[in-house]
Amino acid sequence: TALAGYRRAYAQGRLPVVRRRHTELREIRLELARVIGRIRAEAREAANLVCPQPDTLETLQARLEADEALVLFALLPRRVLALVATPTEARLVELGFRRSLERELKNLRFHDVEAPTAEAVAALRGRLITPLALPARVKRVLVSPMGSLGLVPLTLLLPRHEIVYVPSGTTYGLLHRDRSLRGSGILGVGDPDYRLRDASRRRLPGGMDPRSLAPLPATRAEVEAIADIKLLGPAATVAGFSKALAARKRWRAVHLACHGLLRQDAPMASALALTVEADSDGVLTALDLLQMRVPADLVVLSACDSARGHVYDIEGVVGLA
């Protein structure tokens, strides 16, 4: 608000207001610096994730394995760039004009069975992947996309590589300090019960009535086929999921097979729909997940729309993933 007021006053040439707003901004920035300092002093690990100090390029390279590459995409106002780093080299690659790339991305209409998907994928591969000239030894690609590039299905463009999406090279290092740590067992949640148990007419994100969600019986078979601990039907509740998570120090995998609910206007309200209870609408939102501890090597969101969200230029796609 203070910044918007400063810009408005500056554009209008109201110097007394500009000075006052400038003073307010300076005080706000000082207070923000004090808060960040307090976080760093009192919760160092959380501070590293929320307000990380960027690693140097040399540090990022030292973290990579011999068969890994880190690709950081950047959408500039006019052009698209990529930083390609391996343990032994790093280079910037120009990928052409942003406007033409965004036109090509619109051609990837995967919801339309009549769309020329193969041609669009081939064109995008030539535009985004071929210029990267990844060494033959690279088997695993760590990708930090920006803006609408977060919606690009890189597993289609690089079918012979393992693709890992990371917020940034620095954050990847914070989350993978001990790569030898391994969990055990698979926790599966599936076939949620969406029937209402009271007359409160609970509403899901976007005003959706839980009764409008179709049953997903195939997700029961999915969970039964892969999980050691199974939360199915009436047991597939938010409370049951939270309790089961805490029953083991670390899981090998957590598998959620349910409806996914997308909120483009409020991405952190995007949700996984679990079993409805008298005191719970069964909604597990992206914000809820951020506030939970999910100790697992792998989490699978076997739910529609779980890879989509609101596109921000810097953060990329913000939603459940």
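- Looking at heavy atoms from C-beta onward, Leu154 lies out of side-chain contact with Val141 at the 4.5 angstrom threshold.
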- Stepwise, does the side chain to side chain contact (heavy atoms under 4.5 Å, CB included) test hold for Leu301 with Leu272? CA-CA 9 Å; Leu301 304 182; Leu272 300 172; 3.9 Å; yes
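- Considering only heavy atoms from C-beta on, Leu142 stays 4.5 Å or farther from Ile163 through its side chain.
- Using a cutoff of 4.0 Å between basic side-chain nitrogens and carboxylate oxygens, Asp297 and Arg252 are scored as salt-bridged.
- The number of heavy-atom neighbours closer than 6.0 Å to CZ of Arg250, taken from other residues, nucleotides and ligands shown, is above 12.
- Residues Asp191 and Arg220 are paired through a salt bridge, judged by an N-O separation under 4.0 Å between the basic side chain and the carboxylate.
- Residues Val223 and Leu232 form a side-chain contact, since some pair of their non-hydrogen atoms from C-beta on lies under 4.5 Å apart.
- By the 4.5 Å heavy-atom criterion applied to side chains, Leu70 and Leu64 are counted as neighbours.
- Residues Leu134 and Val84 form a side-chain contact, since some pair of their non-hydrogen atoms from C-beta on lies under 4.5 Å apart.
- Side-chain contact between Thr237 and Phe241 is absent, with no heavy atoms from C-beta onward closer than 4.5 Å.
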- Message: Quick one, Arg78 with Arg99, criterion side chain to side chain contact (heavy atoms under 4.5 Å, CB included). Give me CA distance, side-chain angles, the key distance, then yes/no.
- Response: CA-CA 7 Å; Arg78 295 192 59 187; Arg99 185 173 296 179; over 6 Å; no
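- Closest heavy-atom contact between Arg248 and Ile229: NH2-CG1, 4.5 Å.
- A salt bridge is defined here as a Lys NZ or Arg NE, NH1 or NH2 lying under 4.0 Å from an Asp or Glu carboxylate O, and Arg34 with Glu31 meets this definition.
- Salt bridge status for Glu65 with Arg140: absent, with no side-chain N to carboxylate O gap under 4.0 Å.
- Listed for the Arg91 side chain is a donor-acceptor partner under 3.5 Å among the backbone atoms of Leu132.
- For the pair Thr275 (side chain) and Gly233 (backbone), a donor-acceptor distance under 3.5 Å is present.
- Looking at heavy atoms from C-beta onward, Phe73 lies out of side-chain contact with Leu83 at the 4.5 angstrom threshold.
- Put simply, the side chain of Gln61 gets close to the backbone of Glu89: a donor and an acceptor are under 3.5 Å apart.
- Within the 4.5 Å cutoff, the side chain of Lys249 has no heavy atoms near those of the Pro295 side chain.
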